[in-house]
Amino acid sequence: MDGWAAGLTGLTGLTGLTAGAVAGLAVAVVVDLRARVRFYHDFTPGPSGTLDAADVERQLPRVRAKFAFLADRWRALAASSRRVLYVHQDIYDEATPADLARRREAIEGCHPRHRFAVLWLRRARDPDGPPPPGVVVARVGPRQGRWQGDDAAWDGVFAALDARALWPAPRGPGALRPRSGGSPGSSPRSAA
């Protein structure tokens with residue numbers, strides 16, 4: 001996220017506009033071609049009703065500010081002793097176990113004491129191969145007219161998570177200790 005947020009701050013002519021459908025909704029998507037990140041709801045069409053490059057350029061300062069704030073918040077969280085669950089919502093079922101392993105390794109490389117797990121949410125099919133260590137796979141199927149999926153399915157996924165398995169107790173010298181007020185059975189979700 002550090003590198004991606006830094007790239008966004010310099011982003012000008014590197015966005016691509018594309019149209020698509022997510023969960024049955026027609027959407028205009030802005031794509032950061034360098035980072036391969038799709039923005040579904042950060043840019044809105046102007047008076048014409050069709051999102052165009054001028055709309056993106058006009059809204060880019062607001063979107064940069066939003067993601068700079070999120071990157072700063074993430075850096076503070078990664079430097080803390082809090083347990084964090086990152087959710088990778090793979091709405092196209094296109095990520096691979098190697099992709100998730102690289103993401104985990106990138107975070108661990110920058111923040112080796114950060115206690116985190118990754119929940120890899122897929123739509124319809126299991127990944128091609130087992131998930132890497134520290135990654136849990138679950139499914140949240142599509143719901144017509146709602147790209148986020150079905151709320152009941154999300155609730156079921158979170159209810160099934162075992163915080164003790166996601167974040168084993170730290171061991172050994174220099175291990176992080178739980179913050180005061182925290183307990184092994186506390187909620188695995190982060191405010192991030």
From CZ (Arg123) to CD (Gln89), nearest 0.5 Å: 5.5 Å

Aromatic plane relationship, Phe116 with His114 - under 30° parallel, 30 to 60° tilted, over 60° perpendicular: parallel

From CA spacing to verdict: side chain to side chain contact (heavy atoms under 4.5 Å, CB included), Phe39, Val56: CA-CA 11 Å; Phe39 296 89; Val56 172; over 6 Å; no

Whether Tyr86 and Trp74 hold their rings parallel, tilted or perpendicular, with breakpoints at 30° and 60°: tilted

Step-by-step side chain to side chain contact (heavy atoms under 4.5 Å, CB included) determination, Ile107 to Val118: CA-CA 11 Å; Ile107 295 170; Val118 177; 5.7 Å; no

Residue list, side chain to side chain contact (heavy atoms under 4.5 Å, CB included) with Ala79, at least two apart or on another chain: none

Partners meeting salt bridge (charged side-chain N to carboxylate O under 4.0 Å, His left out) with Arg104 (sequence neighbours left out): Glu108

Point-to-point distance, once rounded to the nearest 0.5 Å, from CH2 of Trp154 to CG of Leu121: 5.0 Å

For Val137, the option from Pro97, Pro131, Pro130 that meets side chain to side chain contact (heavy atoms under 4.5 Å, CB included): Pro131

More than 12 heavy atoms from other groups under 6.0 Å of CG on Asp162: yes

Heavy-atom check, side chain of Val30 versus side chain of Val63, under 4.5 Å: no

Minimum-distance pair of heavy atoms, taken over all atoms of Glu94 and Asp99: O-OD2, 4.3 Å

Nearest non-hydrogen partners of Gly46 and Arg58, listed with the distance: CA-NH2, 4.1 Å

Partner set under side chain to side chain contact (heavy atoms under 4.5 Å, CB included) for Ala106, not counting sequence neighbours: none

Exercise: identify the closest heavy-atom pair between Gln59 and Thr44: NE2-O, 2.6 Å

For Asp90, all residues meeting side chain to side chain donor-acceptor pair (under 3.5 Å), sequence neighbours excluded: Trp120, Arg122

Contacts of type salt bridge (charged side-chain N to carboxylate O under 4.0 Å, His left out), residue Arg62, not counting sequence neighbours: none

Those residues that, when tested against Ala101, pass side chain to side chain contact (heavy atoms under 4.5 Å, CB included) (two or more places apart): Glu105, Pro132

Interatomic spacing from CG in Asp42 to CZ in Phe67 - rounded to 0.5 Å: 4.0 Å

Close side-chain approach of Ser80 and Leu77, heavy atoms under 4.5 Å: yes

Close side-chain approach of Phe43 and Asp55, heavy atoms under 4.5 Å: no

Residue pair Ala124 / Asp93: nearest heavy atoms and the distance that separates them: N-OD2, 2.8 Å

